[in-house]
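Only one structure is covered here, and it is reproduced in the block below.
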Amino acid sequence: MNPAETSLVSPGPATDAPLVEVKGLRRVFDLSKPLLNRLIEGGGRVTLTAVDSVDFSIRRGETYALVGESGSGKSTIAKMAVGLLPPSAGSITIEGIDVWGEKSADVQRRMRRRIQMIFQDPFASLNPRWRVGSIVEEPIKAFAMIPDAKDRAARVGELLSLVGLDPRDGSKFPHEFSGGQRQRIAIARALASEPHFIVCDEPTSALDVSVQAQVLNLLRELQERLGLTYLFISHNLAVVRHVATRVGVLYLGRLVEEAPARELFADPKHPYTRMLLDAVPDIEMAGKERLAIAGEIPNPVNPPPGCHFHPRCPFVMPHCKTVVPPVLARGDAGVRCHLFAEG
Amino acid sequence: MSDATEAAPVETAARAPGLVARLRDNDIWFSFTRSPITVISAVVTLLLLLSALFAPLIAPHDPFDPATLSIMDSFFPPAWTGEGDPRFLLGTDDQGRDILSTILYGMRISLAVGFASVLFAMVVGVTLGLLAGYLGGVVDSVIMRIADVQLTFPAILIALLIDGVARGVAGPNSYQDIVFGVLVLSIGLSFWVQYARTVRGSVLVEKNKEYVLAARLIGLRPWTIMVKHVLPNVLGPVLVIATINLALAIITEATLSFLGVGVPPTQPSLGTLIRIGNDFLFSGEWWITIFPGITLAILALSVNLLGDWLRDALNPKLR
């Protein structure tokens, strides 16, 4: 009866093949001064390696969480994954299509539709001069999904009620809503193009704690209903524990540990992951000894040689300072640490 | 049916509170009513605009119809002085034209040139500012360096230059036909820099906001994003500059006409009228130049005051 209704059915059959594959991803930013200044004032090129040879894959229906401190490259990976920032090297493949290598404009268009993003700041991610209805409607128009204006308005109302808002809210402006409601609008906009893969870039970090859980539950509910796959970026381990099926820990652009969420929280391997987990306030942890976080994240322009973590690591060994540790497989998990070399 | 009822509110509720009610609810309206000077200047501006617009209906005489002019009527002082003629409230000039009527008609030309050149400067400036801010890189450098160079010349000098070139190219006879366009072009081109700089600055702020990223994500073209997303968010300051520039443009046009490079005496603007009257100032016929001068001053002042208020009202830091 309703043509839009059918589109809410979960996309494609659930297979074991990964929906998203990231291989050897690398991004270098050039921070050098302009050529003329370099010639006059001296000083060579200055580069920052924000993301360095990152590999991971996400299976359909999974939530893959990337965690790390500020400056660890989380948001850079997010931007590369959705096609907003070209990688310096490596590839991102989504549903078998290379996001940055695909030449055919038509295929690219179809792929774009399947990738969406939910941003960190719901106060900046909605155009203040646009009515909510137009904001949610825009992707539908951009991909020419529903030609009839009346059907489109109906679909917008449907999307708004899907995220827990009133369909009549479409005629209001974003400033009439609270942070949590705005994030719901942003989610409705992301869902409008019927994506299969959504990148959530710290979607709750700008919200009140009481609202965070509501938005997270909404995201999880939508995942079950629509068969969505998430790449979830966060620095909040409590949030990650709540939503993730698999977790990757980033340190200075490198993936230092990767494991199923349950395993990572129960048995963290990399010293950095252990530090991070010990820093999470937790009633059950009361009285236990914690591994204190020592030092600060080094300047990414000039990272320490060998293992980036060695200056802060309590288990540092001589060759940590010179040799970059390889990724060592531990069952379903992977860890980049020399400690596990002869396990 | 259920679909229709769900769809309808999105369309109709958009204008539900009504434009007038929304305007009265607005804080800009509130700040307007709280400022008597602004209300007065708005009323004065509106009166002058209307009287210029309806000059053919209001003016007691048609100063451009030679058939109605009589050389016997020349140099009448204003009506309230002893030697005045009640037909000519503000007196007449050397050709027997009614000063009040010439002012009304002159204001039309002044305002037309003012509005047209502000519009022209706005279109050029906003477009170049958008391009410079959004595209950045070489485009940005080229546009902004041109703007920098132009800022080192006074506006009136640029206007004189363009006017002189156009006069030389067109020749004295056909120049009459293009003088309006030349004035608009020369005044407009000397004002675009302000718009370009303001818009570029705002675009640099807006383009990194996440709503622009969201628009890029769905594959919209840069031009679409600029016009549909960025432009509406940078128009506030542009409106303020436009209002203040309107007064400036009218004065610039008057200056050009006063210097004799503006509109010809057969179709006089306020500036032309002041210049014509200037010749008779020392022989005692003061009214010919004083009344157009006062009109120009009032017009420029009230538009300027409106612009000042608008600038403060739209600036959230001053509220």
Side-chain angles (χ1 to χ4, degrees), chain A residues 1-4 79 82-84 105 108-109 111-113 115-143 149-158 160-161 166-172 174 186 189-190 192-193 199 201, chain B residues 1-19 21-22 25-27 136-138 140-141 145 202-239 314 316:
Chain A
M1 181 183 132
N2 191 335
K79 280 184 181 158
V82 294
L84 286 176
Q108 230 185 31
R109 223 178 128 70
M111 177 200 61
R112 270 188 184 284
R113 222 186 99 176
I115 311 171
Q116 272 294 345
M117 187 160 176
I118 296 165
F119 296 92
Q120 178 174 4
D121 182 1
F123 291 87
S125 67
L126 306 174
N127 190 335
R129 305 264 162 182
W130 281 38
R131 285 178 201 284
V132 169
S134 318
I135 291 175
V136 177
E137 193 184 23
E138 199 186 19
I140 307 177
K141 271 184 169 167
F143 293 111
K150 224 172 173 180
D151 292 347
R152 221 166 36 227
R155 170 79 176 139
V156 169
E158 196 184 331
L160 286 174
S161 32
D166 194 298
R168 276 168 303 191
D169 287 339
S171 60
K172 293 184 188 161
R189 169 179 61 189
S193 66
V199 174
D201 188 0
Chain B
M1 187 60 217
S2 74
D3 274 1
T5 45
E6 242 185 39
V10 180
E11 302 284 84
T12 52
R15 270 159 207 80
L19 191 67
R22 277 222 316 276
D25 240 20
N26 205 307
D27 8 333
V138 182
D140 183 25
S141 299
R145 287 307 81 71
S202 313
V203 169
L204 286 182
V205 174
E206 294 294 326
K207 81 165 177 182
N208 287 321
K209 290 209 178 147
E210 285 165 346
Y211 71 85
V212 175
L213 289 185
R216 278 174 57 197
L217 202 60
I218 53 173
L220 294 185
R221 287 164 204 280
W223 186 247
T224 316
I225 296 176
M226 273 191 263
V227 173
K228 285 176 74 184
H229 285 275
V230 180
L231 188 61
N233 286 296
V234 301
L235 273 185
V238 168
L239 199 67
L314 290 182

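So that the names make sense, note that chain A is the first sequence line, chain B the second, and so on, each numbered from 1. Since the model is a prediction, treat every value here as computed from it, not as a measurement.
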Open item on the list: Any heavy-atom pair between the side chains of B:Glu210 and A:Asp201 that's under 4.5 Å?
Closed with: no

Task: Top of A:Pro122, A:Ser193, A:Pro128, A:Gly83 for chain B proximity - count of heavy-atom pairs under 4.5 angstrom - done: A:Pro128

Task: Side chain proximity check, B:Leu213 to A:Lys79, heavy atoms < 4.5 angstrom - done: yes

Open item on the list: Can you tell me which portion of A:Gln120 sits under 4.5 Å from chain B's heavy atoms? Options are side chain, backbone, both or neither.
Closed with: both

Open item on the list: Under 4.5 Å from any heavy atom of chain B, what part of A:Arg189 do you find: side chain, backbone, both or neither?
Closed with: side chain

Task: Interchain contact, A:Gln108 with chain B, by part (heavy-atom threshold 4.5 Å) - done: neither

Task: Heavy-atom donor-acceptor pair, A:Arg129 side chain to B:His229 backbone, under 3.5 Å - done: no

Task: Nearest atoms (heavy-atom pairs only) where A:Arg112 meets B:Leu217 - done: NH1-O, 3.2 Å

Open item on the list: Heavy-atom cut-off 4.5 Å, strictly under: side chain, backbone, both or neither for A:Phe119 against chain B?
Closed with: both

Open item on the list: Give me the atom names and distance for the closest heavy-atom approach of A:Ala142 to B:Leu220.
Closed with: CB-CD2, 3.9 Å

- [ ] Mark yes when over 12 heavy atoms from residues, nucleotides or ligands other than B:Arg221 sit less than 6.0 Å from its CZ; otherwise mark no.
- [x] no

TODO: Measure A:Leu84 against the heavy atoms of chain B and call it side chain, backbone, both or neither at under 4.5 Å.
DONE: both

TODO: Check whether A:Lys172 gets within reach of chain B through its side chain, its backbone, both or neither, counting any heavy atom under 4.5 Å.
DONE: neither

Task: Most chain A-contacting option - heavy-atom pairs closer than 4.5 Å, from B:Asn233, B:Val230, B:Val212 - done: B:Asn233

